[in-house]
Amino acid sequence: MKRTSHAVLRVAASALVVLIWVIYLFERWSGQYAMYPLIGYVGYECLSIAAGACFWALLIWLLAVLIQVLRRKAPKRDLAFAALLAVMLSAMSVYNTWLSGFQQITTLASLSSLSRPSGRPFQARFHTQDGQELTLSCPDVLAHALGPASTVYLITYTAPADGSGTGALCGAQRAPE
């Protein structure tokens with residue numbers, strides 16, 4: 001009986017780890033694409049706090065499992081679960097480190113051109129009000145929603161932190177005239 005309950009507990013814990021990862025990725029995705037209307041800004045902020053708490057909860061959970069195994073209060077099979085937790089923590093750390101090399105910028109810019117090189121995503125060229133030229137990859141949905149050249153938009157894009165003038169367009173809203 002004890003072995004069965006321990007197996008059920010491990011399955012439930014694994015499902016919880018997957019749920020934590022889904023919350024974490026959804027928070028990152030919704031923030032990147034400014035999906036505030038989907039869950040509301042307060043909901044996004046709560047998800048942001050939950051994502052940070054998930055990282056620390058996984059770290060504490062990993063340490064607790066390792067301590068129990070080392071004290072021989074848990075079977076050595078729990079090392080496999082500890083490995084899963086370690087992989088999850090490593091993936092979150094690597095993802096956060098990778099994201100730290102990018103910045104999200106919102107600015108007014110006028111559309112210069114929109115093109116689609118063969119077999120590649122749309123490329124939108126914008127000129128910001130301070131004279132900077134941006135070349136941004138553009139999802140099909142946004143590309144089809146953009147109007148004619150010289151239209152002014154409030155754009156949100158993700159760009160490398162080095163400020164190279166390239167990046168990915170996340171959102172565009174026609175600027176009020």
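- Of the candidates L108, L142, L146, L146 is the only one forming a side-chain contact (heavy atoms from CB on, under 4.5 Å) with Y153.
- Cluster annotation: M92 is connected to W56 through the hydrophobic network of ILVMFWY side chains, with a link wherever side-chain heavy atoms come within less than 4.5 Å.
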side-chain contact (heavy atoms from CB on, under 4.5 Å) between T106 and I155, worked out = CA-CA 6 Å; T106 301; I155 61 170; over 6 Å; no
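- Separating the OH atom in Y157 from the CG atom in L136 is a distance of 7.0 Å, to the nearest 0.5 Å.
- Inter-residue side-chain proximity for L134 and T166 is flagged as unmet; no heavy-atom pair is nearer than 4.5 Å.
- The two residues M88 and L58 make their nearest non-hydrogen contact at CG-CD1, 3.3 Å.
- F126 and V152 end up in different hydrophobic clusters when Ile, Leu, Val, Met, Phe, Trp and Tyr side chains are linked at under 4.5 Å.
- Taken to the nearest 0.5 Å, the CD atom of Q68 stands 11.5 Å off from the CG atom of L63.
- A 4.5 Å side-chain heavy-atom check between T156 and T107 finds every atom pair outside the cut-off.
- Here the side chains of E133 and S112 are not in contact, with every heavy-atom distance at 4.5 Å or above.
- Rounding to the nearest 0.5 angstrom, the gap separating the CG atom in L62 from the CG atom in L66 is 4.5 Å.
- Taking CG from L114 and CZ from R125, the interatomic distance works out to 11.0 Å, rounded to the nearest 0.5 Å.
- Residues that satisfy the side-chain contact (heavy atoms from CB on, under 4.5 Å) test with P148, not counting sequence neighbours, are T151.
- Side-chain atoms of S110 and S150 include no donor-acceptor pair closer than 3.5 Å.
- Counting heavy atoms from C-beta on, the side chains of F122 and P117 never come closer than 4.5 Å.
- Scanning both residues, P139 and L169, for their nearest heavy atoms gives CD-O, 3.5 Å.
- Minimum interatomic distance between C138 and A143 (heavy atoms only, all atoms of both residues): SG-N, 3.5 Å.
- Shown here for P160 and G167, the closest heavy-atom pair between the two residues is CD-CA, 4.5 Å.
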